[in-house]
Trainee: 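Pasting in a structure now, in structure tokens, and then I'll have a few things to ask.
All values reported here derive from a predicted model rather than from experimental measurement.
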Amino acid sequence: MFRTIFSKMVVMFIAVLLIGFLITGGMLYIFLDNFVTKEKTANLEKAASIVNNSFRSYLENRKNIIVQLYFEHILESMSEYTNSIIWIVDKTGHIYKSMPEMSDSTKKQYIDETGYMKLPDERQYKKVMSGQGTVKEIGNFYGFFGANESWLTVQVPFEYVNSNGEKDIIAAVFLHTPVPEVMRARSSVFRFFIVSVIAASAVSVIIAYVFSLRLSRPLKKINAAAKIVASGEFGKKLDIRSNDEIGQLANSFNHMVAALENLENMRRGFIANVSHELRTPMTSIRGFIDGILDGIIPPEKQKEYLMIVRDETDRLNRLVNDLLDLAKMEAGELNLNFKIFNINELIRRCIIKFENMIVKKEMQIEAIFETEEMYVDADSDAIERVIYNLIHNALKFTPQGGKIKIITLYQKDKVLVSVEDNGIGISSDEIDLIWERFYKSDKSRGKDKSGTGLGLAIIKNIINEHGQKIWVESELGKGSKFTFTLKRASN
């Protein structure tokens, strides 16, 4: 049941909703309990005050029948209004007046020789008579109303000026109302709350269902698309239009699929290129060897063809070594030996290595150094490989009698090294593709058989391993300028 996000979200939403309602209901129940009790107590105190004033008038006008009837009316009205029993109790605990009247059985139980009912327990009236003010109690009134009954009792003292002109508590007004009656208002409010909770829960469950369904539906699409992509089909794209995290996930998924498709195309292209690069020299080698073994190639030309076989073997060896080096770099296994050295001196050594090629093509080499000595912190062997490959490419793609500039200059904490030529250049459509493995090999295969087509890919990885940048500026037919940065070191 709880194996899907949809079911988990619905259950979680309902659980949070119920917990929230339970907490709210509990707090409301406690609040209503206190609130209703206080409100009822305030009403009883107000009624007691009215009875107190009427009783005062009654005492002062005992012989006036109208006052007596009015007092009886006040007691009856307050009793009905507050739904309570009202007593007038004197200092000795005798119930002088009761509204409504007590039953005969109750009267017989508590009446004494005075002819009035007397409260049996002093605790029932001593507090209010002792001058403690209004007394409020909840209980069975010390057993008077039965052990299992609960009543709210409010006792208000009645002060009267005696013959000496002093105020004295001669009686008290007692109002009793059953607690269930007090809680009836709370129950009514709470019943309304329960009905509201049920209605709100029903609406919330529907909303949670719809919301969870809308949330889980795109996730199901993403899951289905992921299975398709995992099977090797990269044409599946998600069409989820949303600005939330689900929409961002769908966009990321589409980017991932595009990247995987590009990676797969690169992998297939890489395999095809490697196969081509290996098959071509191997076919030549086999053909020449078969020709020598079969006697097709005459003895006087065998040496010439064996030299071609040797060159093709050297080319295969370079290709395998470059592939191994590139694999190490991309796997992060290239160990760099950083040290401080003069980059200008390294450039001079690289130029000398191409002396024969420079003379043969009648090239002009111009070295422009900002200062005679410029020290950098890098791996000298790796950087020598970078400069060697860049100069070699410049010589290879620059026509007879062309010009190459090698420039070094400072830029804040960096040293910029540039190799510029006036050769065939690179089109704007190809400028971002030249860093791919074998890309240049396809373009130059007919011109130069010595290259493996991995030079620029290796160069970029070496510079990246140094934490530096390399870029190219080129225009078709006007030449190219490759520039990379190195960390400047103090000499």
Side-chain angles (χ1 to χ4, degrees), residues 40-41 43-179 181:
K40 191 63 176 179
T41 303
N43 287 336
L44 293 180
E45 288 180 352
K46 185 177 180 180
S49 177
I50 294 173
V51 172
N52 238 332
N53 293 332
S54 297
F55 186 53
R56 188 181 307 278
S57 299
Y58 171 78
L59 291 179
E60 292 173 353
N61 302 276
R62 294 183 185 180
K63 296 180 180 180
N64 191 327
I65 189 64
I66 296 177
V67 173
Q68 292 181 14
L69 292 173
Y70 177 75
F71 179 58
E72 291 286 340
H73 172 71
I74 289 294
L75 288 178
E76 185 177 357
S77 298
M78 290 300 103
S79 176
E80 291 179 358
Y81 170 71
T82 59
N83 193 27
S84 61
I85 299 172
I86 302 177
W87 294 342
I88 305 296
V89 181
D90 66 10
K91 293 183 70 172
T92 61
H94 287 89
I95 301 175
Y96 176 74
K97 194 72 175 175
S98 175
M99 182 62 67
E101 289 288 338
M102 298 275 191
S103 64
D104 293 338
S105 59
T106 304
K107 288 181 179 180
K108 289 179 181 180
Q109 184 178 357
Y110 294 104
I111 200 166
D112 64 1
E113 64 278 0
T114 63
Y116 292 99
M117 291 178 58
K118 178 177 172 56
L119 296 175
D121 193 331
E122 288 187 351
R123 292 177 297 176
Q124 295 170 333
Y125 58 89
K126 280 296 183 183
K127 287 182 182 179
V128 68
M129 300 302 178
S130 62
Q132 295 184 16
T134 301
V135 178
K136 308 163 192 175
E137 295 178 339
I138 295 178
N140 60 6
F141 199 54
Y142 302 98
F144 186 89
F145 294 112
N148 298 323
E149 296 184 33
S150 184
W151 291 65
L152 170 64
T153 300
V154 174
Q155 306 171 27
V156 179
F158 177 79
E159 295 181 343
Y160 194 77
V161 179
N162 57 26
S163 57
N164 297 325
E166 297 176 351
K167 286 185 177 182
D168 188 21
I169 298 174
I170 63 171
V173 179
F174 284 52
L175 289 93
H176 308 281
T177 187
V179 169
E181 181 65 28

Trainee: Run the numbers on Lys46 and Thr82 for side-chain contact (heavy atoms from CB on, under 4.5 Å), then give the verdict.
Mentor: CA-CA 10 Å; Lys46 185 177 180 180; Thr82 59; over 6 Å; no
Trainee: Could you tell me if the side chain of Lys136 sits less than 4.5 Å from the side chain of Leu44, heavy atoms only?
Mentor: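 No - every pair of side-chain heavy atoms lies 4.5 Å or more apart.
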Trainee: Side chain of Lys91, backbone of Tyr125: donor and acceptor closer than 3.5 Å?
Mentor: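 Checking the backbone N and O of Tyr125 against the side chain of Lys91, no donor-acceptor pair under 3.5 Å is found.
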Trainee: When you measure from the side chain of Lys118 to the backbone of Thr92, do you find a donor-acceptor pair of N or O atoms at a distance under 3.5 Å?
Mentor: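 Between the backbone of Thr92 and the side chain of Lys118 there is a qualifying donor-acceptor contact (under 3.5 Å).
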Trainee: Rounded to the nearest 0.5 Å, what separates atom OG in Ser54 from atom OH in Tyr70?
Mentor: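 Rounded to the nearest 0.5 Å, the OG-OH separation comes to 4.5 Å.
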Trainee: Is the backbone N or O of Leu152 less than 3.5 Å from a side-chain atom of Thr177, with the two atoms forming a donor-acceptor pair by type?
Mentor: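 Not a single qualifying donor-acceptor pair exists.
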Trainee: Does OH belonging to Tyr142 count more than 12 external heavy atoms closer than 6.0 Å?
Mentor: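 Yes, because the 6.0 Å sphere around OH of Tyr142 holds more than 12 heavy atoms from other groups.
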Trainee: Once you measure the plane-to-plane angle for Phe145 and His176, does it fall in the parallel (<30°), tilted (30-60°) or perpendicular (>60°) bin?
Mentor: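 Correct class here is perpendicular.
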Trainee: Would you check if the side chain of Asp168 reaches a backbone N or O of Ile170 as a donor-acceptor pair within less than 3.5 Å?
Mentor: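 Answer holds: no.
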Trainee: What distance separates Ile88 CD1 from Asn52 CG, expressed to the nearest 0.5 Å?
Mentor: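 Nearest 0.5 Å value for the CD1-CG distance: 7.5 Å.
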Trainee: Give, for atom CD of Gln124 and atom CG of Leu119, the distance between the pair rounded to the nearest 0.5 Å.
Mentor: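 Spacing of CD (Gln124) from CG (Leu119) equals 5.0 Å.
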Trainee: Quick one: which of Phe55, Tyr96, Tyr58 gives a ring-ring contact (aromatic ring centres under 6.0 Å, His included) with Phe158?
Mentor: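 Only one option passes, and that is Phe55.
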Trainee: Between Phe174 and Phe141, what is the ring plane arrangement, given parallel below 30°, perpendicular above 60°, and tilted in between?
Mentor: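 Perpendicular: the ring planes of Phe174 and Phe141 meet at over 60°.
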Trainee: Measure the CG-CG distance between Leu175 and Asn83 for me, rounded to the nearest 0.5 Å.
Mentor: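 Rounded to the nearest 0.5 Å, the CG-CG separation comes to 11.5 Å.
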Trainee: Hey, does Lys97 have a side-chain heavy atom less than 4.5 Å from the side chain of Glu72?
Mentor: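 Glu72 reaches Lys97 side chain to side chain.
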Trainee: Are any side-chain N or O atoms of Ser79 and backbone N or O atoms of Ser84, one a donor and one an acceptor, separated by less than 3.5 Å?
Mentor: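 Yes, the answer is positive, given that a donor and an acceptor are paired below the 3.5 Å cut-off.
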Trainee: With no hydrogens and no angle check, is any side-chain donor or acceptor of Ser130 less than 3.5 Å from a backbone partner on Lys127?
Mentor: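 The answer is yes, because a donor-acceptor pair under 3.5 Å joins these two groups.
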Trainee: Report, as yes or no, whether the 6.0 Å neighbourhood of atom CG on Leu69 holds more than 12 heavy atoms from other residues, nucleotides or ligands.
Mentor: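 It does: Leu69 CG has more than 12 such atoms within range.
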Trainee: Taking the ring centre of each residue, are Tyr110 and Trp87 less than 6.0 Å apart?
Mentor: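 Not under 6.0 Å, so no.
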